[in-house]
Amino acid sequence: MEQIKEKVKALPRSSGVYIMKNNKGEIIYIGKAKILKNRVSQYFQNSKKQIKVQTMVDNIADFDYILTPSELDAFILENTLIKKHKPFFNILLKDGKQYPYIRVNPHDDYPRFSVVRKVKTDGARYFGPYFGKINAYELLKTLNSAYPVRTCNKEFKQKKKTRPCLNYSIGLCSGPCCDKISKEDYKAIVSKAMGFLNGNEKEILLVLENKMNLASESENFETAISLRNRIAMVKELSNRAVVDLAKTAEFDIFSAQKTENYAAVNVTIVRAGKLLSSQNFDISQASDLEEGFSSFILQYYTNKLVPKNILTNLILDFNLLENALSVVKGANVSFSVPEKGVKRKLVLMAEQNAKNFIEKEFLKEKDETYLNMVKALKVGLSLKDLPNRIECYDISHISGTNKVGSMVVFAFGRAQNSDYRKFKIKTVEGNDDFASLSEVLSRRVLEFDKQNDSSFKKRPDLLVIDGGKGQLSSVVQALKGTSFEDVPIISLAKKFEEVYTKSSPNPIIFKQGSGELRLLQNIRDEAHRFAITFHRTLRSKTMLS
């Protein structure tokens, strides 16, 4: 720590990005600073910190930094490095989901509507994002039910006419590919469809209701029910209109809330004067609320449509955010904190959602509990270091067929799903769990040495094997002379929950219900679930073939 403090004293008083590392050289946190010296020194002052921040500081063994010409450059570089390295203590949008939009390029000769998950600067119009009760795919089907626009990928450069498809025959397409409609008439239909996505639901409701009544009169009840469901979706969308908001209103709302140890952001999306969606995100890992909030907003707009106006409940460095997101959008972006009116009410609503999220979700699972379980496990196993990253391995098969292995990872007591990996057993014949575990661990070490995969290149603090003394012995033998020879390794036998170590022939018996045993049971059960799920998938494919 003294060495780090000396390094902090030598930091320049300029903008840049700092990179915190643990004793294994792994990046655990990345941050940006207007003045590097001031920002980094705050971590090592003897002041009270949030649990997650203090845990992060306790794991810092070294740090690097990169100087930037301006704070804006530091802000953008920080975001780029976080996406690349995915540090554990950074706020990350870990679900990886890109929510769907409906895309149409009105400049095409015969525009088509499609569902996409990435927004590009290509001159097209994007509507959304849609999730929750408003499903983008169902919305597109609803649009196609009312307006006969094409859904195919046909090119229109060739002069040769083609035969009409089934959609034309049943009235779901106007047949532009076979010259059944002029460009002008087709674009008039597209314009009406775009009007619906822009918030005009009256016309589409009339069209769908007429079609439903006709289908019902013709005793085509299946079609009538389908149209009835589509009408319900349009009405659901219509009911989301906000009173006193213009039909053209389009903005996103970010509201943050913080307690002593937790922080959350609610993101509410308003399009065409309607509340399209509302989501909550955990930003408890932020060492500073404003810094974490700003970093989250920039991360959020990866491959998403950036609106012209963004509202927040906190005053941030708006110049920084506006400049960064204007580059992403290719046009000016404005931030503001509304003080009155309907926008203020919406910001307060989002703020309340974030507060409720903290109360209902976070307070159920105290971080202290997880950290105490990790600390108790260190004492119970007489480990030198805290087992912050634990990897557990299991084998699944039926009588030696479709053999698979699983690797699950817990970091600081919590499951890290993105680091899970699965293996098909390649070299073992028959029913031999010992040899299968040896193969899996040997391949794990090889992947670690290659340093390619984001999960495999991290070194574990503890290896857990699902099994007894025999499984442990086979794995210990397989790891001799490898990069993992000195990594602590144990096995957990299910029947009596005995813990075997390579240093003692006698098992360790933890007290039933103790934190250390519950942590081991959680990771063992998760490894078993992950392995058997993969095995069943593989077995189903084999049976089908």
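Basis for what follows: all heavy atoms, side chains included, without hydrogens, waters or symmetry-related copies.
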Does any part of the side chain of Val17, heavy atoms only, come nearer than 4.5 Å to the side chain of Tyr65, both counted from C-beta?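 No, too far: nothing below the 4.5 Å cut-off.
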
Given side chains that start at C-beta, do those of Ile490 and Leu463 come closer than 4.5 Å, heavy atoms only?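 When only atoms from C-beta onward are counted, Leu463 and Ile490 do not touch, as no gap falls below 4.5 Å.
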
So, [X] side chain and [Y] main chain: donor-acceptor pair closer than 3.5 Å or not?
X      : Y      : answer
Glu439 : Ser436 : no
Gln451 : Lys457 : yes
Asn90  : Ile82  : no
Thr312 : Ser255 : no
Glu26  : Arg459 : yes

Salt-bridge criterion met for [X] and [Y] (N-O under 4.0 Å):
X      : Y      : answer
Glu391 : Arg444 : yes
Asp64  : Lys21  : yes
Glu447 : Arg443 : no

Restricting to pairs with a member in [range], which pass salt bridge (charged side-chain N to carboxylate O under 4.0 Å, His left out), not counting sequence neighbours?
range            : answer
residues 501-525 : Glu497-Arg524
residues 417-432 : Arg389-Asp419, Asp419-Lys458, Arg421-Asp453
residues 70-82   : Lys32-Glu71
residues 526-535 : Glu526-Arg529

Sorted by chain and residue number, the side-chain contact (heavy atoms from CB on, under 4.5 Å) partners of Thr401 (sequence neighbours excluded) come out as Ile398

Nearest-0.5 Å distance that lies between atom [atom1] in [X] and atom [atom2] in [Y]:
X      : Y      : atom1 : atom2 : answer
Phe410 : Asn522 : CZ    : CG    : 5.5 Å
Glu351 : Asn353 : CD    : CG    : 10.5 Å
Asn23  : Asp385 : CG    : CG    : 6.0 Å

For Leu346 and Thr268: C-alpha separation, side-chain torsions, deciding distance, then whether side chain to side chain contact (heavy atoms under 4.5 Å, CB included) applies. CA-CA 9 Å; Leu346 289 172; Thr268 297; 5.8 Å; no

By ring pair (Phe, Tyr, Trp, His ring centres under 6.0 Å), which residues pair with Tyr101, not counting sequence neighbours? none

Could you work out, with ring pair (Phe, Tyr, Trp, His ring centres under 6.0 Å) as the rule, every residue matching Tyr137, not counting sequence neighbours? none

Do [X] and [Y] get their side chains close enough for a donor-acceptor pair, meaning under 3.5 Å?
X      : Y      : result
Tyr301 : Asp252 : yes
Glu498 : Tyr500 : yes
Ser15  : Ser70  : no
Gln352 : Asn356 : yes

Quick one: which residue pairs count as a ring pair (Phe, Tyr, Trp, His ring centres under 6.0 Å) with a foot in residues 514-541, not counting sequence neighbours? Tyr420-Phe530

Restricting to pairs with a member in residues 459-497, which pass ring pair (Phe, Tyr, Trp, His ring centres under 6.0 Å), not counting sequence neighbours? Phe448-Phe484

Should Val8 and Phe44 be marked as a side chain to side chain contact (heavy atoms under 4.5 Å, CB included) after you check the CA-CA gap, both sets of side-chain angles, and the distance that decides it? CA-CA 9 Å; Val8 170; Phe44 304 103; 3.9 Å; yes

For Tyr393 and Phe423, take the angle between the two ring planes, folded into 0 to 90°, and tell me which bin it lands in: parallel under 30, tilted 30 to 60, perpendicular over 60.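 Judged by the thresholds at 30° and 60°, the geometry between Tyr393 and Phe423 is tilted.
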
Hey, can you tell me if Phe281 and Phe296 have their rings parallel, tilted or perpendicular (30° and 60° cut-offs)? tilted

NZ (Lys34) with more than 12 external heavy atoms under 6.0 Å: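 For Lys34, atom NZ is not crowded (no more than 12 foreign heavy atoms under 6.0 Å).
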
Just checking Glu339: does its CD atom have more than 12 heavy atoms from other residues, nucleotides or ligands closer to it than 6.0 angstrom?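 It does not: Glu339 CD has 12 such atoms or fewer within range.
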
I'd like to check the salt bridge (charged side-chain N to carboxylate O under 4.0 Å, His left out) partners of Asp461; sequence neighbours left out, ordered by chain and number. Lys24

Centre-to-centre under 6.0 Å for Tyr29 and Phe63, is that the case here? no

Got a sec, which pairs hit side chain to side chain donor-acceptor pair (under 3.5 Å) with one end in residues 318-328, sequence neighbours left out?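 Sorted result for residues 318-328: empty, none.
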
Keeping to residues at least two apart or across chains, list the side chain to side chain donor-acceptor pair (under 3.5 Å) pairs with something in residues 472-484.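 Of all non-adjacent pairs touching residues 472-484, those that pass side chain to side chain donor-acceptor pair (under 3.5 Å) are Asp449-Ser483.
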
Please assess Asn280 against Val265 for the test side chain to side chain contact (heavy atoms under 4.5 Å, CB included), listing each intermediate value before the final yes or no. CA-CA 6 Å; Asn280 297 299; Val265 173; over 6 Å; no

If you take all heavy atoms of Pro338 and Val347, which pair is closest and at what distance?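 Taking every non-hydrogen atom into account, CG-CG2, 3.5 Å.
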
Carefully, step by step, assess Ile395 and Val404 under the rule side chain to side chain contact (heavy atoms under 4.5 Å, CB included). CA-CA 6 Å; Ile395 301 296; Val404 298; over 6 Å; no

